[in-house]
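The model shown is predicted, which means the values in this text are computed figures rather than measured ones. Because only heavy atoms are used, hydrogens play no part in the values below, and waters and symmetry mates are left out as well, while side chains stay in.
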Amino acid sequence: MDDDPPILKFDEHCDAAAEDTRVRCPKCRKRIFMHATQCEYCGIHFEGEAWEFSPSIRQNSRTAPFGIPGWVLAVVATIVLVALLLSMLL
């Protein structure tokens, strides 16, 4: 029993994976840790964390006006459309 490998809990794995996530530096485009406040290669400082300035993160975050995610607006629009169609049928 002493030779059993340690068990990695899913939450611990997610936390470790999130800490190791890398993004591209907006200046030199090298891969750096997303929570970095300075690029380890070109030395640029960020007012916040690197992920906030990464073009790949900004392009992938599909937000509508007022910071509402696009999927939320799609769900609301679908509900409104269904409600209108049901009201026309009844």
Side-chain angles (χ1 to χ4, degrees):
M1 279 270 210
D2 292 332
D3 295 332
D4 289 342
I7 297 173
L8 178 64
K9 295 182 180 176
F10 183 72
D11 293 338
E12 293 172 357
H13 169 71
C14 288
D15 291 343
E19 290 175 8
D20 191 36
T21 304
R22 294 178 179 257
V23 295
R24 294 206 178 273
C25 171
K27 183 177 178 187
C28 69
R29 307 293 297 152
K30 293 199 177 176
R31 308 238 345 131
I32 59 174
F33 288 109
M34 69 183 291
H35 296 293
T37 56
Q38 177 181 4
C39 177
E40 60 190 282
Y41 300 103
C42 68
I44 190 171
H45 287 269
F46 307 110
E47 288 183 8
E49 296 181 341
W51 68 269
E52 297 174 86
F53 297 89
S54 174
S56 58
I57 298 294
R58 283 198 313 254
Q59 291 170 358
N60 289 337
S61 61
R62 302 184 192 282
T63 55
F66 309 111
I68 300 170
W71 68 268
V72 172
L73 293 178
V75 169
V76 170
T78 303
I79 291 171
V80 169
L81 181 62
V82 168
L84 286 173
L85 288 173
L86 285 176
S87 68
M88 292 172 72
L89 293 174
L90 298 176

Which atoms form the tightest heavy-atom contact between [X] and [Y], and what is the distance?
X     : Y     : value
Glu40 : Arg22 : OE2-NH1, 4.2 Å
Thr37 : Gly48 : CG2-O, 3.4 Å
Lys27 : Cys42 : CD-SG, 3.9 Å

Show the numbers, then the answer: is there a side chain to side chain contact (heavy atoms under 4.5 Å, CB included) between Arg31 and Arg24? CA-CA 5 Å; Arg31 308 238 345 131; Arg24 294 206 178 273; 3.7 Å; yes
To the nearest 0.5 angstrom, please state how far the [atom1] atom of [X] sits from the [atom2] atom of [Y].
X     : Y     : atom1 : atom2 : value
Phe46 : His35 : CZ    : NE2   : 13.0 Å
Leu84 : Leu89 : CG    : CG    : 11.0 Å
Leu81 : Leu86 : CG    : CG    : 9.5 Å

